[in-house]
Structures are given as structure tokens and as C-alpha cells.
Amino acid sequence: MHNILVTGGAGYIGSHTCVELLNSEYNIVVIDNYKNSWEESLKSVQKITGRIFKYYECDIKDSEKLEAIFKKHKINAVIHFAGLKSVAQSNIFPLDYYLNNVWGTINLCRIMKKFFVKKIVFSSSATVYGDSPEIPFKEDTKKGKLSSVYGKTKLMVEEILRDIKKSDNEWSISILRYFNPVGAHESGLIGENPKGIPNNLMPFISQVAADILPELTIFSDDYETPDGTCIRDYIHVVDLAKGHILALNKILINNTFDVYNLGSGVGHSVLELVSAFEKACLTTVKYKIGPRRSGDLPMLYADTTKAKKELCFCASSDIEKMCKDTFNWQNKNKSKYYKK
Ligand code: NAD
Ligand code: UD1
């Protein structure tokens with residue numbers, strides 16, 4: 001059985017992927033510095049799967065600790081989620097983001113190389129396409145201008161991994177560009193737990209529906225889209241997690257360098273998401289129309305042909321299911337704030 005090191009495994013996408021890895025009979029070792037997560041999510045992963053695994057509080061920048069973990073466990077491949085992900089914060093604290101996301105990944109890869117572990121799946125983002133007008137985005141779409149440091153860290157890491165592969169063909173690398181992950185595990189035991197007021201749409205909607213926040217502001221309805229609100233490609237986090245297993249299976253067998261879009265391939269507007277949430281969760285979401293948010297693109301969604309063809313990837317959950325699972329998680333975990 002293969003041993004997979006999962007960095008950032010206590011986080012939102014990491015914890016869901018741990019569940020899928022354990023359900024697919026992989027062994028896992030998890031490291032996380034809990035900067036944006038809690039150890040409890042790993043306990044919940046054990047509860048959901050009925051499987052025990054080792055996890056460590058460890059920063060990917062901490063070479064000594066990381067080496068000790070590689071020494072102790074025979075690792076076959078790494079799934080690398082660990083990273084800071086706030087677009088706004090990245091522009092305020094660029095050094096922290098470059099240090100953590102770029103240098104952290106370099107450090108991880110150096111240690112992997114030292115221990116002859118040359119297989120990695122990396123969490124990238126649709127944000128690397130920048131403001132490219134070629135919608136839907138294909139993996140080889142010419143990239144537009146990037147407005148955030150966060151996006152630049154993802155693109156830099158992609159380039160670093162590409163150079164590592166060029167220098168040593170024994171590496172096997174899969175870069176996954178996520179679109180908009182939402183939803184939660186059906187059990188309601190793991191999900192996304194944004195600190196403070198959420199920046200992203202789905203957790204915002206969910207907290208309005210749960211009376212934690214008074215009202216959603218839709219960032220404008222004057223875009224050139226059918227209902228005037230922006231269109232995005234939402235993907236259920238469990239579908240996304242399953243995509244990692246497919247990518248991992250491939251890098252373990254082949255010596256490869258691949259980039260894949262992981263999205264549903266379908267675009268939904270903000271208003272569509274609001275009404276899907278109301279319908280799926282039998283609730284109301286109070287909203288008003290506000291001004292545009294700077295940097296927002298009117299429409300983006302994925303061309304998923306490559307992931308479908310080469311990985312047999314299929315995002316099967318629709319937006320109703322995404323909304324239902326989000327609200328289930330919300331209600332099970334925010335009960336002290338829940339008034340409705
Ligand atoms: P998350 O914040 O929930 O998970 C990231 C995890 O990494 C957290 O548990 C955090 O504590 C940990 N971490 C951060 N820096 C670390 C370090 N130096 N050492 C060890 N652990 C560290 O975020 P997520 O939504 O699960 O995202 C996972 C990855 O996917 C990130 O790299 C993110 O940039 C990328 N991504 C996320 C989205 C999204 O919308 N959620 C979209 C595209 C890409
Ligand atoms: C954001 C990030 C992106 C990240 C993605 C998934 C920015 C600029 N980009 O993209 O890097 O990969 O999340 O996590 O932050 N909206 C509202 N009201 C709200 C919140 C959002 O109307 O309170 C709208 C936005 O204008 C957008 C849509 O909802 O049109 C989705 O927003 P969001 O969830 O923040 O995702 P992205 O903008 O796609």
C-alpha cells in the first residue's frame with residue numbers, strides 16, 4: 001500500500017482528500033501548521049473513514065521537522081495543499097505569501113528529492129489564467145494579467161515544478177487548477193470554516209441563511225451576462241477530492257508532467273446560486289445589489305475536456321447538492337450562532 005504525505009491536510013480541500021485517499025486504500029501521513037485549520041478536522045477524517053493515521057503539527061518551511069518525518073515514514077508521493085490562500089491578504093503581506101507558498105514549496109521539494117520522493121500533486125488555481133478573455137479556460141489558454149500576489153505564487157510554483165521536471169525526468173508531477181470549490185462532506189463533520197467574515201460567495205450565502213450575517217451584497221448586476229451577475233464554475237469539494245485520487249494514480253504509474261483544470265465545466269451566476277440555495281435548503285437568502293468588486297471577471301469557467309479524457313474525471317454533484325451539503329455543515333457546526 002502506498003504512503004502519501006498530505007501537506008495542509010487539515011484544511012478544507014485537504015481534509016476531504018484525506019477521506020477519499022483512505023477510502024481508496026491509501027495510507028496517509030498528514031502535516032499541517034494549523035495556520036488556517038484545526039486538528040479536530042483530522043479527528044473527523046478518522047471518524048468518517050474508521051481509519052487511523054499519523055499526523056504532525058509541522059510547517060513546510062521547517063526543514064528539520066520535515067526531514068524527521070520523511071526519515072520516519074517511507075513516503076511514496078506527496079499531495080501538496082499547504083499554502084496561504086487569501087487574495088486580499090496576499091496583496092497586503094506579499095512577503096509572507098512568497099515565503100510561505102513559494103519558498104515553502106521549494107523547501108518541500110528539496111527534502112523530497114533528498115529522500116528520493118519525486119512524485120507530487122500540487123494545488124494550483126484557476127486564478128493563474130488571470131484576466132484572459134478566452135473563456136472557457138483550457139490548460140493551454142494564454143494567460144492574462146494576474147492581479148494578486150496569491151495568483152503569482154501559484155504561477156511561480158507551477159514554473160518551479162516545470163523546471164524540476166525538465167532537470168530530472170524521474171519526477172512525476174500533476175498540477176491541478178481548481179475552479180470554485182464549495183460544499184462539504186455529506187456527514188457534516190468536515191467542511192470550510194472561514195475565519196471572520198467570509199470573502200467567498202458560498203460561505204457568505206450560507207451564513208446569511210443561518211442568520212449569522214444580515215444580508216448578502218451581490219457585487220453588481222450590470223455585467224454582460226444573462227442576468228447581469230458574474231458567472232463562476234462551482235465544484236463540489238468531494239468531486240474535487242476525488243480528482244486528486246485520479247491524478248495521484250496516474251503519477252504513481254507514469255513518469256509524467258501534467259496540468260489539469262478541475263471544475264464542473266458549467267458556469268452559474270451569483271443569482272442562480274442564491275436561488276439554488278433557497279430551493280435546496282428551503283430557506284431565504286436576503287440580498288441587495290451593490291457595486292462591483294475590484295478585480296472581478298464577469299465570467300469564468302473551465303474546459304474540463306483534458307481531465308475527463310486523461311483522468312476519467314467527472315464532477316457529478318450539481319449546485320443543489322453543493323448548497324445542501326454546505327448548509328448541512330453550517331448547521332451542524334455553527335449551532336451556537338444559528339437563530340432561525
Ligand atoms: P485551507 O486554508 O483550508 O488549507 C490549507 C492548509 O494548509 C491549512 O490547513 C493551513 O493551516 C495549512 N498551511 C498553510 N501554510 C502552511 C505551512 N507553511 N506549513 C504547513 N501547513 C500550512 O485552504 P484550502 O481551501 O483547503 O486550499 C488548499 C490549497 O488549494 C491551497 O494551496 C490553496 O491555495 C489551493 N486552492 C484553494 C482554492 C479554494 O477556493 N479553496 C482554490 C484554488 C486553489
Ligand atoms: C475567489 C478568488 C480566487 C479563488 C476563488 C475560489 C478573488 C479576487 N478571487 O474567486 O482567487 O481561487 O475565490 O476560492 O478573491 N460575490 C458576491 N458577493 C460576495 C462574495 C462574492 O457577489 O459577498 C460574487 C463575486 O463578485 C464573484 C462570485 O460571487 O462574482 C464568486 O466570488 P468568490 O466566491 O469570491 O470567488 P471568485 O471571485 O471566483
Side-chain angles (χ1 to χ4, degrees), residues 6-17 30-39 41-42 56-62 65-66 79-91 96-97 99-101 103-105 107-108 122-129 146-148 150-151 153-154 157 176-182 190-195 197-205 207-208 213 215-221 223 225 229-235 237 240-241 244 262-263 268-271 273-274 287-301:
V6 184
T7 76
Y12 174 46
I13 306 169
S15 57
H16 288 83
T17 304
V30 175
I31 60 168
D32 203 299
N33 65 0
Y34 304 122
K35 183 99 184 162
N36 196 36
S37 57
W38 292 265
E39 190 188 332
S41 71
L42 295 171
Y56 300 91
E57 182 168 353
C58 171
D59 194 299
I60 53 168
K61 300 189 291 305
D62 185 339
K65 222 172 185 177
L66 207 48
I79 304 187
H80 178 33
F81 294 102
L84 298 173
K85 65 166 180 175
S86 161
V87 170
Q89 292 286 303
S90 75
N91 289 336
D96 292 348
Y97 271 70
L99 182 70
N100 196 72
N101 294 5
W103 160 242
T105 304
N107 196 44
L108 172 70
F122 172 62
S123 299
S124 189
S125 167
T127 196
V128 300
Y129 293 107
L146 299 191
S147 58
S148 76
Y150 168 70
T153 67
K154 290 293 172 192
V157 171
L176 305 181
R177 293 180 182 153
Y178 313 152
F179 281 68
N180 291 57
V182 294
I190 50 174
E192 188 175 19
N193 206 350
K195 286 182 179 162
I197 295 179
N199 292 312
N200 296 120
L201 180 61
M202 184 65 110
F204 206 110
I205 289 178
Q207 291 196 17
V208 171
L213 293 170
E215 177 175 55
L216 167 74
T217 300
I218 294 181
F219 298 140
S220 182
D221 63 354
Y223 286 96
T225 58
T229 65
C230 292
I231 291 176
R232 293 290 181 274
D233 182 336
Y234 299 96
I235 175 169
V237 66
L240 184 64
H244 290 73
L262 293 187
H268 289 289
S269 73
V270 177
L271 280 171
L273 196 66
V274 169
Y287 69 84
K288 65 171 187 235
I289 307 293
R292 290 184 177 198
R293 179 172 72 177
S294 148
D296 268 344
L297 297 176
M299 167 152 64
L300 63 90
Y301 57 95

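Whatever order the structure lists ligands and atoms in, that order sets their numbers, starting from 1. Just so you know, these numbers use all the heavy atoms, side chains as well, and skip hydrogens, waters and symmetry mates. All of these numbers come straight from a predicted model, not from anything done at the bench.
For the pair V87/N199, no side-chain contact is recorded, criterion being any heavy-atom separation below 4.5 Å from C-beta on. Between F219 and T229 the shortest side-chain heavy-atom distance does not fall below 4.5 Å. Contact of the Y223 side chain with the R292 side chain is registered, since non-hydrogen atoms from C-beta on lie closer than 4.5 Å. D59 is not listed as a side-chain neighbour of K65, based on a closest heavy-atom distance of 4.5 Å or more.
Below 3.5 Å of separation, one finds no N or O of E192 facing any N or O of ligand 1. Residue S124 places no N or O, backbone or side chain, under 3.5 Å from any N or O of ligand 1. On a distance-only criterion, A82 and ligand 1 share no N/O pair closer than 3.5 Å. Residue F179 places no N or O, backbone or side chain, under 3.5 Å from any N or O of ligand 1.
Remark: D296 pairs with R232, R293 by the salt bridge (charged side-chain N to carboxylate O under 4.0 Å, His left out) rule, at least two apart or across chains.
Under a 4.0 Å criterion applied to the non-hydrogen atoms of K35, ligand 1 contributes the atoms 11 (O). Set against the non-hydrogen atoms of Y150, the atoms of ligand 1 under 4.0 Å away are 33 (C), 34 (O), 35 (C), 36 (N), 43 (C), 44 (C). The contact set between ligand 1 and Y34, taken as ligand atoms under 4.0 Å from a residue heavy atom, comprises 11 (O). Numbered from 1 in the order shown, with element, the atoms of ligand 1 that lie under 4.0 Å from a heavy atom of S123 read 29 (C), 30 (O), 32 (O), 35 (C). Residue K61 has at least one heavy-atom neighbour below 4.0 Å for each of these atoms of ligand 1: 18 (N). For ligand 1, the atoms sitting less than 4.0 Å from at least one non-hydrogen atom of S125 are 43 (C), 44 (C), numbered in the order shown with element in parentheses.
In terms of protein heavy-atom proximity, atom 11 (O) of ligand 1 is nearest to D32 OD1, 2.7 Å. Of the protein's non-hydrogen atoms, P181 CD, 3.2 Å is the one closest to atom 40 (O) of ligand 1. The protein heavy-atom contact nearest to atom 4 (O) of ligand 1 is G11 CA, 3.5 Å. Nearest to atom 31 (C) of ligand 1 among the protein's heavy atoms is F81 O, 3.1 Å. In this structure, atom 27 (O) of ligand 1 lies nearest to the protein heavy atom I13 CD1, 3.8 Å. At the shortest separation from atom 13 (N) of ligand 1 among protein heavy atoms lies N33 OD1, 3.3 Å. Ranking the protein heavy atoms by distance from atom 19 (N) of ligand 1 puts I60 N, 3.0 Å first. Of all protein heavy atoms, the one closest to atom 5 (C) of ligand 1 is G83 O, 3.8 Å.
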Note every protein N or O atom lying under 3.5 Å from an N or O atom of ligand 2, pairing the names and giving the distance.
| unit_1 | atom_1 | unit_2 | atom_2 | d |
| --- | --- | --- | --- | --- |
| ligand 2 | 12 (O) | S125 | OG | 3.4 |
| ligand 2 | 13 (O) | N200 | ND2 | 3.0 |
| ligand 2 | 18 (N) | T217 | O | 2.9 |
| ligand 2 | 22 (O) | F219 | N | 2.9 |
| ligand 2 | 26 (O) | D296 | OD2 | 2.5 |
| ligand 2 | 34 (O) | N200 | ND2 | 3.3 |
| ligand 2 | 34 (O) | L201 | N | 2.8 |
| ligand 2 | 35 (O) | N200 | ND2 | 3.0 |
| ligand 2 | 35 (O) | R293 | NH1 | 3.3 |
| ligand 2 | 35 (O) | R293 | NH2 | 2.9 |
| ligand 2 | 36 (O) | N180 | ND2 | 3.1 |
| ligand 2 | 38 (O) | R293 | NH2 | 2.8 |
| ligand 2 | 39 (O) | N180 | ND2 | 3.0 |
| ligand 2 | 39 (O) | R232 | NE | 2.6 |

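Taking a 4.0 Å cut-off on heavy atoms, R177 fails to register as neighbouring ligand 1. Distances from ligand 1 to the non-hydrogen atoms of T7 include no value under 4.0 Å. Residue A126 places every heavy atom at 4.0 Å or more from ligand 1.
The two residues P198 and L213 make their nearest non-hydrogen contact at CD-CD1, 3.9 Å. Residues F179 and D233 share a closest heavy-atom pair of CB-O, 3.5 Å. In this structure, G11 and D32 approach most closely via the heavy-atom pair N-OD2, 3.8 Å.
Looking at N100 and K61, their side chains do bring a donor and an acceptor atom within 3.5 Å of each other.
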For this session: Go through the steps to decide whether L216 and L201 satisfy the test side-chain contact (heavy atoms from CB on, under 4.5 Å), and finish with yes or no.
Result: CA-CA 9 Å; L216 167 74; L201 180 61; 3.9 Å; yes

For this session: Dump the intermediate steps for side-chain contact (heavy atoms from CB on, under 4.5 Å) on L84 and Q89, then the final yes or no.
Result: CA-CA 9 Å; L84 298 173; Q89 292 286 303; over 6 Å; no

For this session: Verify ring pair (Phe, Tyr, Trp, His ring centres under 6.0 Å) between H244 and Y178, making sure each step is shown before the conclusion.
Result: CA-CA 11 Å; H244 290 73; Y178 313 152; 5.3 Å; yes

For this session: Take H80 and I60 through the test side-chain contact (heavy atoms from CB on, under 4.5 Å) and record every step on the way to the result.
Result: CA-CA 10 Å; H80 178 33; I60 53 168; 3.7 Å; yes

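Closest to atom 20 (C) of ligand 1 by heavy atom, among G14, A10, C58, S37, is C58.
Below 30°, between 30° and 60°, or above 60°: for Y150 and Y97 the angle between ring planes is above 60°, a perpendicular geometry.
Separation of atoms OH (Y12) and OG1 (T17) is listed at 10.5 Å; rounding is to 0.5 Å.
The neighbour count for Y34 OH, taken as heavy atoms of other residues, nucleotides or ligands under 6.0 Å away, is above 12.
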